[in-house]
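Single-structure report; data block below.
To find a chain, count down the sequence lines: A is the first, B the second, and so on, and within it residues start at 1.
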Amino acid sequence: MCQCNCHGPKSDLSLLDDVLKEYAGSSSNLITILQKAQNIYGYLPKDVMYCIADKVGITPADVMGVATFYSQFRLTPIGKYLIMSCQGTACHVNGSERVTAAISEYLGIGNGETTADGLFTLENVACLGCCSLAPVIMINGEAYGNLTPDSAVAVLKGIQEKEGK
Amino acid sequence: MEQIKITVNGRELIGEKGETVLNIAARNGIEIPNLCYNGKLKLYGACGLCLVEAENSPKLMRACATVAQDGMVLSTNTPRVKKARKIALELIMSDHSGDCVAPCSLNCPAHTDIQGYLKAIANGDDKEAVKIIKEKIPIPASIGRVCPHPCESNCRRRLVEEPLSVAYLKAFAADNDLASDAPYTATPEEATGKKVAVIGGGPAGLTAAYYLRLSGHDVTIYEAMPEMGGMLRYGIPEYRLPKAILAKEVAAIAKLGVEMKNNVKVGKDISFEEIKNGADAVLVTIGAWKGSSIGCDGENLEGVLSGIDFLRDVNMGNRPEIGKNVAVVGGGNTAMDACRTAVRCGAENVYVIYRRTRAEAPAEDIEIEEAIEEGVEFLFLTNPAEIIGKNGKVKEIKLQIMQLGEPDASGRRKPVPVVGEFKTIAVDTVISAIGQKCAPSGLEEIELTRWGTIVAAKSTCLTNVEGVFAAGDATNNGASIAIDAIAEANEAARAINAYLLGMPMDFPEPYYSKKNVTAEMLADREKKARAVMSVKSPEYRRNNFDEILNGFTDEQAREEAKRCLECGCHDFKECKLIRYANDEPIAPERLAGEIHQSFKETKLVSIERDQGKCILCNLCVRTCKEDAKQSILGLVGRGFKTVIKPEFEGSDKIEVCKTCGKCVDVCPTGALKLLK
Amino acid sequence: MRIVIGEGSCGIAAGASKVHKAIEAVMTANEPFSLGSTGCIGMCFLEPIVDLYDGKTLLRRLVKVTADDAVSIVEAARSGDLSKVDSITISAEDEEFLNRQTRIALRHCGLIDPVSLDDYREADGYQALEKALKTMTPEQVIEEIKISGLAGRGGAGFPTWFKWNAARQSVSDTKYLICNADEGDPGAFMDRAVIESDPHSLIEGMLIGAYAIGACEMIVYVRAEYPLAIANLEIAIAQAKKANLLGENILGTGFSCDMRIKAGAGAFVCGEETALIESLEGKRGMPRLKPPVPAQKGYMDEPSNINNVETFANVSWIINNGGEAFAAMGTENSKGTKVFALTGKIRKGGLVEIPMGKTLRDVIYGIGGGIRDNKEFKAVQMGGPSGGCIPKELLDTFIDYKALAATGAIMGSGGMVVMDESTCMVGMAKFFLDFTALESCGKCVHCRIGTARMQEILTRIVKGEGKDGDIELLEELCEAVKDGALCGLGQTAPNPVLTTIRYFRNEYEAHIKEKKCPAKECVDLLTYSIDAEACRGCTLCAKKCPAHAISGAVKQAHVINSEACIRCGQCVNSCRFGAIIVE
């Protein structure tokens, strides 16, 4: 366990023990450690980053620099459903902007934001590589292709129904 | 070590194998601009300013990273390199939000270092303050009293509550200095043997003479009037500027060795030709001494005076007979001086005739206020239609009633007559104070504008005559405020000095970084009211010419000076970025866009960071990591949104950052500041 | 009989897993056929695809299969009566999509089970490795690659042998061979397809490279967005290790080399080799100054060689078939084949591998079937954010590094996004600048601020706020960024702008001077109105309009209140009479 005296809600740092045991030996593993930490916590809480810095033997500024450089890392918690809206070229040519706008408007959130009920987080992402299905969104790993603004909103409505919202 | 030879800008340089181009050039005195290089740190290559062109290479190369090869032929100043550097600087500047110089100084025509002298005053060092002021204004006690202070109108403190009392603080410091045992005196440079003749001893003439003398030249001022000072002496009334104070400041200039010849009118007592022949350069600062006429019937009657003549006569001790009822025409400061002087000369009813309303009047509001206190009656929205006389002497003035119409070119609403509505008042004297003109005589070979002013080139003040310069009210757009004349005189002195020493007379406008500041950004500042100047009561004032202002107490002045927000960058004089930005003209405005807002962060407690000024050269982060071995600072985010932030856990901040100050030392701009 | 389902990412996204489950659900024990899966077949426009094999012989290729087809597929496989699946069998025309290709890098894709080492071995897998390790010296390997003329398929087209040789020459006990699988170019996915569908071919190609340069470790830097690729590669690595194809004393030859995967974390700039190295070292992916090049000082300051996936995928074929066979294909300065990801407004999109020297027209019309929805071809974007848009007039340009570079575009990694008349070219330039500005690492001034300023100017142009002189300002910035940016990302970022200005300057001018978007794509420049003659007053558009900007009585011509109109285009989609006019 780390001796972090950081502010904010405390994370259960013991969950990191295995990851740190395997990777903390070299700072070149920092990205891998952060990826695994994000898998555990859903995002990268500050105390977790401080703890990683401590164990890897680098400073919090170094960790923060890496965590904010890569778009995969999130410093705030995400919703139950992560909507990844593909911003690839093929999607652009096939009207992804309108799809994203419709999702944004329907959920009332912008890029990187989470709905108040904690159900959805919207994230614009680089090409998902399903270019032939453009425009594409991916929700919790499942791809939805050939979307129109209406069909994209219908997908969300389906999830909301399933969740009883 | 193996030696190699490279050629930079045609010069052959010797370097060691493995050395970079940048280092070899630097060691040989050729500075290749750079903002992110530091020999102690690992190479980084971010700023792109050190691009150089190599013979036989299609691409520009970064001098900081290019290891010199024997026989390399490089240029650091080809058009391509210059263009690349220019746009790199423009890009950097387009995202650099900071004030090199405070807005007060930028808006002072003479660009006086106001922040500097206010700080000195706040520290109780009046002599230092005067020294700073006298870099631009040789007569601060006088100017501090009369200046309409554009500095104060632009003082950023007005966004908090009220601007600082900049102008009078200047007079305060200068008064104290004059009263001290050893007033500040500058030392002239070694004599150059060059002679300069200055025609006219007003603020412009005195200023130019002062700085030319300090540059080591022999200076003679030819003044037509009995004393030096020009309009300060003969236009401004005693109650605003006691002549004894002006005299002391003139004497200090004379003491430096400026020769002053009073009662010498060029064209009458001495010819222009003679002056020219006796000097290596001539500066014409003859001012604008002719009042504009009203342009209505009866303006030639006895009892119609020009404001300037009236004030001059009173200042010379020849009070004209003005009777009990006096009308002053005009809404500017000369009109105020005239009406208030009329009160002091014993007039019982003094009217100010002005065709617009108080809001449009160019006079300082405080002047109008004080004139009203002294009993002057303002007839706004009236205009002289006719001056009616009896036996050739003024008896009445007929006024056309006006109203405001559409805005004119100046943005002010244009006064238009209300057809058929007039008003007539009985007057003994009409004083016209609606403008001044320049009336040069004896200078026939100098080219004039169609308004009769002298044509003088911008920034060099050159006239059409070889070796003859001109500045002040007599030039171009004509009469303005004293500080404008002083500003021009500064330029004239700089140009004449260059002319005399055979240096290039090319004075580009300096480039300054400026930032937009809103009241919200200053919302956290503690409010502290402007010092209130005590003045003599209106009752006391009416029948004498004593100075109205009682001045600040010492405590008042120090506290007032401490109100300064210190808007100008602390690092301006050492800033590498602004130095490069002034090497060649740049125009970052064309690339204007999103900027990193100025944001002062003090997480490091004893070091303040301003994100707006940061250019992301990353020197601080690299120094903190590589040299100080701390890694407290780091980059956060990526792309345009990248910022630099300290990051550490725990609350005992001081213990984390040792305040070694290395980051502050390496910062090429003023983004980092060591707090005392 | 075997039923084989194409389950690459694209297939799965199109519903292949659902088809798989549905077929499983109708299968009983002891069926006379087996069910398996393969990777990406490359005909994305026909996904999900199910193949029916007899042994190695493909009997039927079923396309656009849905879960509802499961019963008939199973019945056909049981009975051998393939007429049951006639309705979903691929057309002769669509078969041409594959028939016209020459597949080397993709040679196993869609044919083998990606996670079966046996499948790979049956398809001559690891024979090249054995040949190299047992019969060739590293120098001979490099020589063979030199003969082949193989050049970097990641974009720059640098000769592979030269990099290998440089790394070989660098003296060190520790050298690294790195595979750049950070396929960041939006619109390119061939590297993903190779790793997903044929991971062993990557391992084999890399091993041969490692042997050539003398590397002791191989690292594959894969985008984190490619989970299936990572999973399949992990399985393949484990299989290879178990089979003594990886690790200590490979195949008893004394050559040892290990391999690991490093997942990227989302940064396009990490496709730049020095940024990739920084990222591998656990740092921010900010490019380093070159020199030193990675072959001298790379990962952990040791000599390193970096190639991309497609490059490695060609290596074992070259060793097996000889460099000359590879060099026999292509043009004077571009040898072999190249894979393209054909997408956009194309009728048949997917992965296309053809010999160098074919024309763009061959790919777009010959294989891709031309433009969708009977629209006009306008341009093809090649090389992604580093590339450019090639107009109709240049459709006969050869696929060749030099010929493509002459157009202002680049070969790039092979993204080929086709655009029709409805694509605004200024909008396209803005799209790429949005991308590069977002992905700029922020290190150097030119890229950090230069791309941001270019993006701002393009944004104001598409909003109708462009100013006279903006085109020239863009050109000036482009030149400056090309000259001054630190790495390839920044230096090539201006290409999409420069090529669109070069070929479509009139579109820029229309936006700036007339405030019109000729492609009718820039929303801020459009006005919607209703043709009173054509309108039947069906009220559908008024009901659809989210801004309530359309009014009118039933059976009367409707009107659009242009102040309230948000230009969403819903009315156009809803109108059955073509009465909405967009200008």
Side-chain angles (χ1 to χ4, degrees), chain B residues 20 34-37 42-53 58-62 64-67 69 80-81 83-96 577 587-588 590-596 615-618 621 625 634-644, chain C residues 265-270 274-275 283-292 301 433-460 467 469-470 472-487 489-491 493:
Chain B
T20 64
N34 66 82
L35 290 167
C36 67
Y37 175 80
K42 283 188 204 152
L43 277 182
Y44 194 64
C47 75
L49 288 193
C50 70
L51 290 172
V52 294
E53 194 167 357
K59 283 176 115 180
L60 297 179
M61 304 190 298
R62 280 176 156 76
C64 70
T66 305
V67 174
Q69 307 291 329
R80 184 168 173 213
V81 170
K83 195 177 168 198
R85 191 178 302 146
K86 169 176 180 276
I87 201 155
L89 280 164
E90 287 173 335
L91 286 168
I92 296 172
M93 275 298 177
S94 75
D95 182 31
H96 177 70
L577 175 60
R590 67 205 186 104
L591 300 175
E594 193 190 345
I595 56 165
H596 283 85
I615 57 165
L616 285 170
C617 68
N618 214 26
V621 174
K625 189 186 188 84
L635 292 168
V636 172
R638 99 179 160 207
F640 186 79
K641 306 241 181 272
T642 310
V643 293
I644 287 169
Chain C
F268 174 70
V269 68
C270 290
T274 61
K283 300 178 200 156
R284 294 165 59 89
M286 303 204 298
R288 298 176 180 173
L289 275 166
K290 285 196 270 193
D301 281 347
L433 260 294
D434 284 349
F435 181 85
T436 31
L438 185 73
E439 295 292 341
S440 164
C441 80
K443 182 175 181 178
C444 73
V445 165
H446 289 81
C447 180
R448 181 180 73 243
I449 309 177
T451 58
R453 295 297 173 243
M454 283 157 73
Q455 183 198 16
E456 285 165 353
I457 297 167
L458 288 164
T459 302
R460 73 175 176 240
K467 298 184 279 205
D470 273 354
E472 292 72 19
L473 186 56
L474 275 175
E475 288 175 319
E476 192 187 339
L477 276 171
C478 284
E479 290 308 326
V481 173
K482 267 179 123 169
D483 261 358
L486 184 61
C487 80
L489 167 67
Q491 286 160 7

Item to check | Interchain contact, C:A485 with chain B, by part (heavy-atom threshold 4.5 Å) | outcome: backbone
Item to check | C:K290, NZ: over 12 other non-hydrogen atoms inside 6.0 angstrom | outcome: yes
Checklist entry - Where on C:M454 is there a heavy atom nearer than 4.5 Å to chain B: the side chain, the backbone, both, or neither? => result neither
Checklist entry - Taking 4.0 angstrom as the limit, do B:R80 and C:D483 come out as a salt bridge? => result yes
Checklist outcome for this item: Under 4.5 Å to a heavy atom of chain B? For C:E439 that would be both
Next on the checklist: With heavy-atom distances below 4.5 Å as the criterion, would you say the side chains of B:S94 and C:E456 are in contact?
Outcome noted: no
Checklist entry - C:K443 versus B:L635: any side-chain heavy-atom pair under 4.5 Å? => result no
Checklist entry - Side chain, backbone, both or neither: which part of C:Q455 has a heavy atom under 4.5 Å from chain B? => result neither
Checklist outcome for this item: Comparing C:A480, C:C441, C:A452 against chain B, the one with the most heavy-atom pairs below 4.5 Å turns out to be C:C441
Checklist entry - Under a 4.5 Å cut-off applied to non-hydrogen side-chain atoms, are B:D95 and C:V445 in contact? => result no
Checklist entry - Which region of B:K83, side chain (C-beta onward) or backbone (N, CA, C, O), has a non-hydrogen atom less than 4.5 Å from a non-hydrogen atom of chain C, or is it both or neither? => result side chain
Checklist entry - Between B:R590 and C:E476, is there a side-chain N and carboxylate O pair less than 4.0 Å apart? => result yes
Next on the checklist: Heavy-atom cut-off 4.5 Å, strictly under: side chain, backbone, both or neither for B:I87 against chain C?
Outcome noted: side chain
Checklist entry - Given the options B:C617, B:G637, B:C64, which has more heavy-atom pairs under 4.5 Å with chain C than any of the others? => result B:G637
Checklist entry - Is there a donor-acceptor pair under 3.5 Å between the side chain of C:R448 and the backbone N or O of B:R638? => result no
Next on the checklist: Among C:I457, C:T436, C:L477, which residue has the highest count of heavy-atom pairs closer than 4.5 Å to chain B?
Outcome noted: C:L477
Next on the checklist: Could you check whether any side-chain heavy atom of C:L473 comes within less than 4.5 Å of a side-chain heavy atom of B:L591, counting everything from C-beta outward?
Outcome noted: yes
Checklist entry - Side chains of B:F640 and C:I449: does their closest heavy-atom pair fall under 4.5 Å? => result yes
Checklist entry - Under 3.5 Å, is there a donor-acceptor pair between the side chain of C:R453 and the main chain of B:E594? => result yes
Item to check | Heavy-atom neighbours of B:K625 NZ exceed 12 at 6.0 Å | outcome: no
Checklist entry - Can you name the nearest heavy-atom pair linking B:G45 to C:L486, along with the distance? => result O-CD1, 3.5 Å
Checklist entry - Should B:T642 and C:R284 count as side-chain neighbours, where that means a heavy-atom distance under 4.5 Å? => result yes
Checklist entry - Where is the tightest heavy-atom contact between B:L51 and C:G484, given as atom of each residue plus distance? => result CD1-CA, 4.0 Å
